[in-house]
Protein chains: 2
Amino acid sequence: MELDESTPDPRVRLWSPVCQAVALLLGPYAEVVLHDAGRDRVLAIWNPMTRRAAGDPSLLGELDRLEPSAHDVYGPYEKLLADGRRLSSVSAVLRGPDGEPSAVLCVNLDRTPLDRAAALLAGFAAPTAPRPEALFEQDWTERVHQIVGGFVRTRGRPVERLGREDRLAVLAELDRAGVFTVRRAVPVVATALGASRSTVYALLAELKDRSDPR
Amino acid sequence: MELDESTPDPRVRLWSPVCQAVALLLGPYAEVVLHDAGRDRVLAIWNPMTRRAAGDPSLLGELDRLEPSAHDVYGPYEKLLADGRRLSSVSAVLRGPDGEPSAVLCVNLDRTPLDRAAALLAGFAAPTAPRPEALFEQDWTERVHQIVGGFVRTRGRPVERLGREDRLAVLAELDRAGVFTVRRAVPVVATALGASRSTVYALLAELKDRSDPR
DNA sequence: TCCGGACTGGACGAAGTGTCCAGGACCTGA
DNA sequence: TCAGGTCCTGGACACTTCGTCCAGTCCGGA
């Protein structure tokens with residue numbers, strides 16, 4: 001475990017045993033993080049999988065997805081580490097005796113070994129099956145223009161005359177279509193929309209914070 | 001083992017040790033059958049999964065699929081038992097000292113437990129509702145694992161034992177699938193392949209200059 | 001035991017990404 | 001016509017990701 005020794009937080013003392021237990025149980029492939037939700041900082045961390053330590057900013061957007069929920073538990077949802085590892089994560093809001101949120105617990109489980117094991121077992125002596133031939137959308141540029149074009153048609157006015165809301169709507173659609181997971185997509189979209197790169201980023205930011213006003 | 005004791009066939013004495021070894025190795029989920037190809041009868045059987053015994057007709061069409069082949073080994077192919085169990089089967093033509101076919105060996109492996117285990121592992125802590133919706137290609141990470149997994153299956157060896165050529169082939173396939181147009185794809189692929197980022201780039205470069213030696 | 005090829009982590013410059021800001025275009029009401 | 005908005009823009013910037021390179025390590029074969 002790594003702790004900020006200078007400030008022995010009572011919350012850490014309170015929850016440390018559970019965290020430690022979970023960390024031990026799930027072995028080297030699970031990281032347990034205790035967050036200070038208010039300050040967006042790491043309170044303590046067990047089996048860290050990245051370089052984060054107590055006191056660091058929380059990062060990783062572990063607290064982003066806490067949309068209202070009846071129970072204080074979220075997930076499991078998928079996260080992707082920079083080095084490519086796939087994580088399954090669950091989060092829980094921890095409340096003090098007064099019922100007020102006091103910390104957030106996150107458990108991040110590295111799925112890679114499981115995935116590998118599953119693939120291994122599934123492949124063991126398996127019949128040489130036809131490959132799951134699966135192509136991506138080859139020309140995503142085409143797709144962008146298609147979407148923009150379709151939108152323009154429904155609004156009945158050319159790209160240059162699209163208003164702010166219109167552009168937001170197109171961008172939302174493009175985003176839903178996953179266009180922005182593709183490399184170099186933003187400049188292409190900007191051009192297709194007849195807007196600048198800056199504007200696209202600005203609109204994108206606005207979209208994000210409309211759907212998740214924090 | 002069940003043998004037709006009344007006719008101690010020399011072929012059985014000859015092949016029995018191998019058969020027994022295989023039967024022991026693959027435990028209770030594999031059946032080993034020695035056929036008299038000419039007479040279409042069972043010569044001997046280890047760990048029988050059905051009621052067949054030595055002397056019974058071969059049934060099951062185990063000898064049907066022996067289309068001409070350079071090597072005398074066939075499969076693995078899939079068979080289905082009456083009770084629904086999925087089998088992976090391999091057959092081999094066994095030849096005597098004179099080079100003439102003398103018997104046919106079949107190993108039938110019950111895949112059900114493996115399939116179950118694979119499903120279990122794959123589902124362990126799996127995200128219930130992964131990331132956002134997407135029309136384009138929502139979980140390309142999944143796709144990467146599928147492609148790699150499928151490939152592993154055709155080669156019949158786990159990821160860590162793939163040779164250089166194998167890896168090149170997987171990468172070629174991933175590339176054809178357009179995986180590398182996606183942001184942050186390389187680290188993910190590297191992890192899935194159990195290789196380093198450096199290696200993936202190196203192999204990718206080699207692929208490129210094989211197809212375009214300039 | 002040594003050798004050579006393949007893989008690795010680390011380092012690095014190049015490219016791409018996202019944010020910020022000081023203009024400037026445009027609208028709108030006075 | 002002007003003042004005060006809003007929105008967009010290009011440019012500058014810090015930061016991340018990409019792709020390359022290299023010295024060191026691992027490993028199988030002579």
Side-chain angles (χ1 to χ4, degrees), chain A residues 40 49-52 56-61 64 79-86 112 116 140-141 144 148 155 157-172 174-175 178-212 214, chain B residues 140-141 144 148 155 157-172 174-175 178-212 214:
Chain A
D40 208 37
M49 305 178 46
T50 63
R51 301 238 162 257
R52 289 190 296 176
D56 290 356
S58 286
L59 295 177
L60 259 188
D64 290 356
K79 270 189 304 202
L80 219 49
L81 240 42
D83 61 9
R85 282 177 289 177
R86 284 202 332 169
T112 316
R116 275 238 262 275
W140 56 274
T141 297
V144 169
V148 174
R155 298 287 157 130
R157 80 186 76 146
V159 197
E160 316 86 49
R161 299 261 176 280
L162 286 184
R164 184 179 178 72
E165 286 307 317
D166 297 325
R167 296 182 171 191
L168 279 169
V170 193
L171 284 180
L174 287 169
D175 189 29
V179 165
F180 296 110
T181 64
V182 174
R183 304 183 50 196
R184 257 157 290 172
V186 169
V188 172
V189 169
T191 307
L193 267 175
S196 74
R197 223 168 50 89
S198 305
T199 305
V200 172
Y201 280 118
L203 295 176
L204 241 25
E206 177 162 347
L207 267 187
K208 202 188 308 175
D209 113 343
R210 272 192 198 180
S211 71
D212 162 37
R214 232 10 171 90
Chain B
W140 56 274
T141 293
V144 169
V148 173
R155 298 289 157 131
R157 81 187 72 152
V159 168
E160 314 87 46
R161 301 226 197 301
L162 286 185
R164 185 179 178 75
E165 287 307 317
D166 297 324
R167 295 179 172 194
L168 280 169
V170 194
L171 285 180
L174 288 167
D175 190 29
V179 165
F180 296 110
T181 63
V182 173
R183 303 181 51 201
R184 255 159 283 164
V186 169
V188 172
V189 169
T191 306
L193 268 176
S196 73
R197 221 168 53 90
S198 306
T199 305
V200 171
Y201 280 119
L203 295 176
L204 241 25
E206 177 163 348
L207 266 187
K208 201 188 307 175
D209 101 1
R210 271 192 198 180
S211 71
D212 160 36
R214 186 134 315 277

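All of these numbers come straight from a predicted model, not from anything done at the bench. Residue numbering restarts at 1 for every chain, and letters A, B, ... go by the order of the sequence lines.
- Nucleotide D:dT6 holds its C1' atom 13 Å from the CD atom of A:Glu165, rounded to whole Å.
- Counting non-hydrogen atoms under 4.0 angstrom, B:Ala205 reaches nothing in the nucleic acid.
- Dashed line: the shortest gap from a side-chain N or O of B:Tyr201 to OP1 or OP2 of D:dG19 is under 4.0 Å.
- Taking atom CG on B:Leu171 and atom P on C:dC7, their separation rounds to 11 Å, with Å as the unit.
- No side-chain heavy atom of B:Val188 sits under 4.5 Å from any side-chain heavy atom of A:Arg86.
- In this structure, A:Leu203 CG and A:Lys208 NZ are separated by 13.0 Å, a value rounded to the nearest 0.5 Å.
- Ranking C:dG18, D:dG19, C:dG9 by closeness to the A:Arg183 side chain, first place goes to D:dG19.
- One atom, CG of A:Leu193, and another, C1' of D:dT9, lie 15 Å apart when rounded to the nearest Å.
- Heavy-atom minimum distance, A:Thr181 versus A:Gly178: OG1-O, 2.8 Å.
- With distances taken from any side-chain atom of B:Ala195 to the nucleotides D:dC18, D:dC8, C:dT8, the minimum falls on C:dT8.
- Going from atom CZ of A:Arg167 over to atom CG of A:Leu207 covers 13.0 Å, rounded to the nearest 0.5 Å.
- In terms of polar N and O atoms assigned as donor or acceptor, the side chain of A:Ser198 never comes within less than 3.5 Å of the base of C:dG18 in a complementary pairing.
- For B:Arg167, whose side chain is taken as the heavy atoms from C-beta onward, the closest listed nucleotide among C:dC7, D:dG19, C:dT19 is C:dC7.
- Atom-to-atom, CD of A:Glu206 to P of C:dG18 comes out at 17 Å; the value is rounded to the nearest Å.
- Counting distance only, with no hydrogens placed and no angle test, the side-chain atoms of B:Arg197 and the base atoms of D:dG19 include a donor-acceptor pair under 3.5 Å.
- Nearest heavy atoms, B:Leu168 versus B:Arg210: CD1-NH2, 3.3 Å.
- Rounded to an integer number of Å, the gap from CG of B:Asp209 to P of D:dG19 is 16 Å.
- Taking only side-chain nitrogens and oxygens, B:Arg164 comes nearer than 4.0 Å to OP1 or OP2 of C:dC7.
- Between A:Leu81 atom CG and D:dT17 atom P the separation is 11 Å, expressed in whole Å.
- For B:Arg161 and C:dA6, the CZ to C1' distance is 17 Å, given to the nearest whole Å.
- For A:Lys208 and C:dT17, the NZ to C1' distance is 12 Å, given to the nearest whole Å.
- Nearest nucleotide to the A:Arg184 side chain, out of D:dC18, C:dC7, C:dG16: C:dG16.
- Contact between the side-chain N/O atoms of A:Ser196 and the OP1/OP2 oxygens of D:dT9 is found at a separation under 4.0 Å.
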